[in-house]
Trainee: 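This is the structure I want to talk about, given as structure tokens.
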Number of protein chains: 2
Amino acid sequence: MAVTDEAIEKIKGMIVSGALRPGDRLPKESELAAELGLSRNSLREAVRALSLIRILDVRQGDGTYVTSLDPQLLLEALSFVVDFHRDDTVLEFLAVRRILEPAATAMASALIDDDQLDALSAQLDALGPAPSVEELVACDLKFHRDIVGASGNSVLCSLLDGLSGPTTRARVWRGLTQEDAVSRTLHEHRMILGALRDRDAEAARSWATVHVASVEQWLRSTL
Amino acid sequence: MAVTDEAIEKIKGMIVSGALRPGDRLPKESELAAELGLSRNSLREAVRALSLIRILDVRQGDGTYVTSLDPQLLLEALSFVVDFHRDDTVLEFLAVRRILEPAATAMASALIDDDQLDALSAQLDALGPAPSVEELVACDLKFHRDIVGASGNSVLCSLLDGLSGPTTRARVWRGLTQEDAVSRTLHEHRMILGALRDRDAEAARSWATVHVASVEQWLRSTL
DNA sequence: CCTCCCTGATACCTCCGATGTATCCGGCCA
DNA sequence: TGGCCGGATACATCGGAGGTATCAGGGAGG
């Protein structure tokens, strides 16, 4: 195995074993390189790779630190990976989202509090009578993100966040090509919100399923 | 932004835009470095980072290639990230798996063919009367992987594969500490298989839920 | 006495050039 | 024809030099 890969494994080992804790500072490049038995150049490759997936946080002039290792942070890297997928696999991502999103919405129905519900209502009302496509997509993303965030499972939340990336483009196209998609989407949002207010987990789950499935159906017929 | 990060973005852009296709070979280090306007050393950091998450495949003495970009390959990187999570977030991962696995099992009930069902049966029968913990865990992983693989959704399959990593340790502990876990697990496996043979999606979903939930419950009571 | 600016130390950033090593391919020999 | 061998190619690794961002501490000014 290459020395750089060894270094990646060793640093990973130090973190997993607990020798390095979240927020800890690593020895400076030259020291760590000497400690691991490789050149600074090769060590930098290892650090850069771990930095890309948010394991390490490098700050010039300061030092290199272990990140918080929060699920949210680590799964952020997922969206980077997801960006590389071509359109023909978008349907598979959407199918997974269709499984997760209804479950998350149902979970949220039991945990979301009144303040959050009011905020969601205000958010929907804030949309003008003729919103732009960009506004609509942003609102849609925030609406679902807030609900999933109330599910109480940060892994689930981050995962859905990452998976929603590739469907965003699809939503834009849909807004551009399908006229009644806007009003239908807003209606579905209000129905989901209503189900959450009623603490009706099954209704919330069903409306979320309908919501994702409509995008899926449209996309399937288009490709 | 640092030149290395710029290089990462540029290479990503070349792939996403289609200028570089899966399997394509990149220009050699020195040429690509000149093309992107940075040193070979800095370029190597970018390439190494993209190599860690399976976007690029570097072969010494040959060249650097774009991988197939299959969802399976890219989500392999997920398990690397998941390894960094501490035990206190295992429950959240397990909760996500509890959502996905039943859905995948239900999907498989409609698609799995007789040969695959026979293979699963043979696999369960192959376990001796007193299997070791390692054998049991390996068998358990393979059993679920094969079923999820029959769901027809490779993204779902890879995702579950990645998420199952951290629960593996839990399963080992369980096998070590809970006496009747072995026979109960095997019984649940047979019931899942029976539901698949009957093409009974709802029964398959329920047995899969029971299966994951039992691990979740045990883990919750232990931590 | 407190605040602001400057300066030095520290640590990462970027580059260059050289050497080692694995792979591929074409020519040579049996 | 088939296998062996050496050159060409491209990545792997190294050591050092100069640049830049950050932080902490000291001194001038209010």
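Quick note: numbers below take in every heavy atom, side chains included, and nothing from hydrogens, waters or symmetry partners. Sequence lines set the chain letters: A, B, ... in the order given, protein chains first and strands last, and positions in each chain run from 1. In this text, all values refer to a predicted model and were calculated from it rather than measured experimentally.
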Trainee: Would you mind telling me which of dA12(D), dA11(C), dG15(D) lies closest to the side-chain atoms of Val58(B)?
Mentor: dA12(D)
Trainee: Between dA11(C) atom P and Leu43(A) atom CG, what is the distance in whole Å?
Mentor: 14 Å
Trainee: Rounded to the Å, how far apart are Glu45(B) CD and dC15(C) C1'?
Mentor: 11 Å
Trainee: Please check the phosphate of dA11(C) (OP1 and OP2 only) for any side-chain N or O of Arg44(A) closer than 4.0 Å.
Mentor: no
Trainee: Without decimals, in angstroms, what is the distance between Arg48(A) CZ and dA12(D) C1'?
Mentor: 19 Å
Trainee: Rounded to the nearest 0.5 Å, what's the gap from CE on Met107(A) to CD1 on Ile112(A)? Could you check?
Mentor: 13.0 Å
Trainee: Where the side chain of Asp62(A) is concerned, which of dT14(C), dA12(D), dC23(D) is the nearest nucleotide?
Mentor: dC23(D)
Trainee: What I want to check is whether the side chains of Glu92(B) and Ser154(A) have a donor and an acceptor closer together than 3.5 Å.
Mentor: yes
Trainee: Return the value, rounded to whole Å, for the distance between atom OH of Tyr65(A) and atom P of dA21(D).
Mentor: 18 Å
Trainee: Starting at atom CD of Glu6(A), determine the distance to atom P of dA12(D), rounded to an integer number of angstrom.
Mentor: 14 Å
Trainee: Which word best sums up how the rings of His144(A) and His189(A) line up, parallel for under 30°, tilted for 30 to 60°, or perpendicular for over 60°?
Mentor: perpendicular
Trainee: Measure the spacing between CG of Leu32(A) and CE of Met14(A) and express it to the nearest 0.5 Å.
Mentor: 5.5 Å
Trainee: Does Thr64(A) make a side-chain N or O approach to OP1 or OP2 of dA11(C) shorter than 4.0 Å?
Mentor: no
Trainee: Would you mind reading off the distance between Leu56(B) atom CG and dA10(D) atom C1', rounded to a whole angstrom?
Mentor: 15 Å
Trainee: When the nearest nucleotide of DNA chain D is assigned to Pro27(B) and to Ser42(A) on a heavy-atom basis, which residue is associated with the more 5' position?
Mentor: Pro27(B)
Trainee: Whole Å only: how far is the CE atom of Met1(B) from the P atom of dC12(C)?
Mentor: 21 Å
Trainee: Stepwise, does the side-chain contact (heavy atoms from CB on, under 4.5 Å) test hold for Arg97(A) with Leu160(A)?
Mentor: CA-CA 7 Å; Arg97(A) 192 173 159 234; Leu160(A) 269 171; 3.6 Å; yes
Trainee: Side-chain N or O of Arg59(A) versus OP1/OP2 of dC12(C): is the shortest distance under 4.0 Å?
Mentor: no
Trainee: Supply the atom-to-atom distance Leu159(A) CG to Phe93(B) CZ, rounded to the nearest 0.5 angstrom.
Mentor: 8.5 Å
Trainee: Given dT14(C), dC11(D), dA12(D), identify the nucleotide with an atom nearest to the side chain of Lys28(B).
Mentor: dC11(D)
Trainee: Nucleotides 16-19 of chain D: which of its N/O atoms have a protein N/O under 3.5 Å away?
Mentor:
{"residue": "dG16(D)", "atom": "N7", "partner": "Arg40(A)", "partner atom": "NH2", "Å": "3.2"}

Trainee: So Thr4(B), base contact, sugar-phosphate only, or nothing? Heavy-atom distance under 4.0 Å.
Mentor: sugar-phosphate
Trainee: Mind running side-chain contact (heavy atoms from CB on, under 4.5 Å) on Leu78(A) and Val81(B) for me, showing each step along the way?
Mentor: CA-CA 9 Å; Leu78(A) 180 66; Val81(B) 168; over 6 Å; no
Trainee: From dA12(D), dT22(D), dC14(D), pick the nucleotide closest to the side chain of Glu29(B)?
Mentor: dA12(D)
Trainee: Within a 6.0 Å radius of atom CZ on Arg59(A), are there more than 12 heavy atoms belonging to other residues, nucleotides or ligands?
Mentor: yes
Trainee: When the distance from CG of Leu38(A) to P of dG20(C) is rounded to whole Å, what number comes out?
Mentor: 19 Å
Trainee: When the nearest nucleotide of DNA chain D is assigned to Gly61(A) and to Asp5(A) on a heavy-atom basis, which residue is associated with the more 5' position?
Mentor: Asp5(A)
